[in-house]
Amino acid sequence: MTNSYPADARLRVFATAASWIEGAAVRQLEQTLQRRGVVAVAAMPDLHPGHKGPVGCAVLADGVVHPDIVGTDIGCGMTLWRLDGLVRRLRIDKAVRALERLGDTDGLDLSEAAAAGVSADIASRHADALGTVGGGNHFVELQTVERIIDAPSCAETGLEVGALLLLVHSGSRALGPEVLARHPHAHGEGLRLDEGGAAYLVDHDAAVAFARLNRAVLAKRAAALLGLDGTPWLDVPHNHVTTDGVEVLHRKGAAQADLGLVPVPGSRGAMTYLVRPDPDAPGALRSIAHGAGRKRDRASMQGKSDQRDRPNPVGNRVICADAKLAREEAPEAYKNIARVVADLETHGLARTVALLKPVVTFKTGRA
DNA sequence: ATGTCC
């Protein structure tokens, strides 16, 4: 059964019938099209309902910024680091014990804040948050290259089967909600760039920088705990605003597609697809899907098994001391990532470069 | 998503 999407020339939905999209998300798309200044919306195959609008879309507006499209987790995104190790030489139990200590937050090094474009004010007020994963769908994951799909691209980057990688999904922690609250806006009306929108964007950009630094600190800590040298490779936000001063491009759970390769993770029990986006794909607003997308909301997962010890096709170890969170984030709460990426390929938005397999997933060390 | 309900 296919969804019926709003008949609106401004809307493109990059999903086939195979990627089931909840009716509530489609209705939210309709509301998004009614917001002031919206000139185009690109919906991705991982689209699902969110708090103030659908997650998994890019929204282009003319002269107006809508802080509640981006929401609280300003700057959230994915960072991929390369590690100088091979999975066949990895001692899994030792790696699990090492990554369990990601929950400790003692002795964080703030020396890199200034170089990363984070002000001393923010760095000092949010020092305790720096290098912390957070909750929800955030994670740090040790991965290995499982399969090469695009051999020339992998040869070009030196990516080989069995290599180890770190994928970090996190955001601006408490800074994002603080920025959102500091810029009151009417739902649907947003803020014109010349009446408060520009001021929001200054604070927003600081949160984006803080989120990026937070991911880098997390990756650096994880590499150090594993005793492996790590090299930053990719950093791709999927919850933010970019603007040329007139057109305002919001991404809400949609990865930026003009920064090079993008890691598109499935659930904690599924592969991550490393893809090469086409930044000029017509109608896609320089964006692609940011993950598998939820197919079941968090509340509906309670009362089910947390699946922490259930074997999954990937066989990764999961560190998650919080049973409630483990249930919410169970693999069956998410769509099929292979299907989502197939939809991206069908529509010419991206090509798969390699499949990355989770080895150890860190969610949270505390309940 | 959130030093998430003190």
Side-chain angles (χ1 to χ4, degrees), chain A residues 24-25 28 32 46-57 59 66-79 102-108 110 118 121-140 168-185 187 200 203-204 206-215 217-218 236-241 250-255 265 267-268 290-294 296-302 320-330 333-334 362-367:
Chain A
Q28 287 186 329
T32 298
D46 56 338
L47 195 82
H48 61 92
H51 185 51
K52 293 284 184 82
V55 180
C57 63
V59 180
H66 292 274
D68 55 348
I69 288 180
V70 174
T72 54
D73 199 4
I74 301 166
C76 187
M78 301 282 171
T79 282
L102 267 179
D104 307 339
T105 54
D106 299 338
L108 296 180
L110 301 179
V118 172
D121 168 60
I122 287 173
S124 62
R125 283 192 300 110
H126 293 275
D128 291 347
L130 206 52
T132 60
V133 178
N137 55 4
H138 292 175
F139 61 82
V140 172
V168 176
H169 178 198
S170 189
S172 52
R173 309 292 282 109
L175 179 56
E178 176 187 307
V179 168
L180 186 65
R182 199 183 298 152
H183 295 274
H185 51 277
H187 176 66
Y200 164 77
D203 284 347
H204 159 281
V208 169
F210 183 79
R212 182 176 290 118
L213 174 63
N214 186 37
R215 290 190 290 274
V217 170
L218 276 162
V236 186
H238 55 229
N239 229 39
H240 67 145
V241 178
H250 310 73
R251 292 189 182 87
K252 176 61 172 180
S267 71
R268 68 153 193 253
H290 79 313
R294 295 195 75 87
R296 308 191 54 148
D297 66 31
R298 295 181 178 280
S300 72
M301 295 306 294
Q302 298 306 328
C320 184
D322 183 341
K324 182 167 181 281
L325 179 63
R327 284 191 290 271
E328 293 174 354
E329 291 291 310
Y334 283 86
F362 178 89
K363 289 292 291 179
T364 182
R366 56 165 176 74

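Chain A is the first sequence line, chain B the second, and so forth, proteins listed ahead of strands; every chain is numbered from 1.
- As rounded to whole Å, 11 Å separates atom P of B:dC5 from atom NZ of A:Lys324.
- Taking atom CZ on A:Arg298 and atom P on B:dT4, their separation rounds to 17 Å, with Å as the unit.
- Considering only heavy atoms from C-beta on, A:Asp68 comes within 4.5 Å of A:His187 through its side chain.
- No engagement by A:Gly171 is indicated, since no non-hydrogen atom pair under 4.0 Å with the nucleic acid exists.
- Within the 4.5 Å cutoff, side-chain heavy atoms of A:Glu329 are placed close to those of A:Arg294.
- In this structure, CG of A:Asn239 is placed 13 Å from C1' of B:dT2, rounded to the nearest angstrom.
- Between the CD atom of A:Glu178 and the C1' atom of B:dT4 there is a distance of 16 Å, given to the nearest Å.
- In this structure, A:Gly50 reaches neither bases nor backbone, as no heavy-atom distance under 4.0 Å exists between it and the strands shown.
- Between A:His138 and A:Cys76 the shortest side-chain heavy-atom distance falls below 4.5 Å.
- Contact of the A:His126 side chain with the A:Glu178 side chain is registered, since non-hydrogen atoms from C-beta on lie closer than 4.5 Å.
- Rounding to whole angstrom units, CG of residue A:Asp128 and C1' of B:dG3 are separated by 8 Å.
- Separating the CG atom of A:Leu325 from the P atom of B:dT4 is a distance of 16 Å, rounded to the nearest angstrom.
- A:His51 comes within 4.0 angstrom of nothing in the nucleic acid, heavy atoms only.
- At whole-Å resolution of the value, CG in A:Leu130 and C1' in B:dG3 are 14 Å apart.
- Nucleotide B:dT4 holds its C1' atom 11 Å from the CD atom of A:Glu328, rounded to whole Å.
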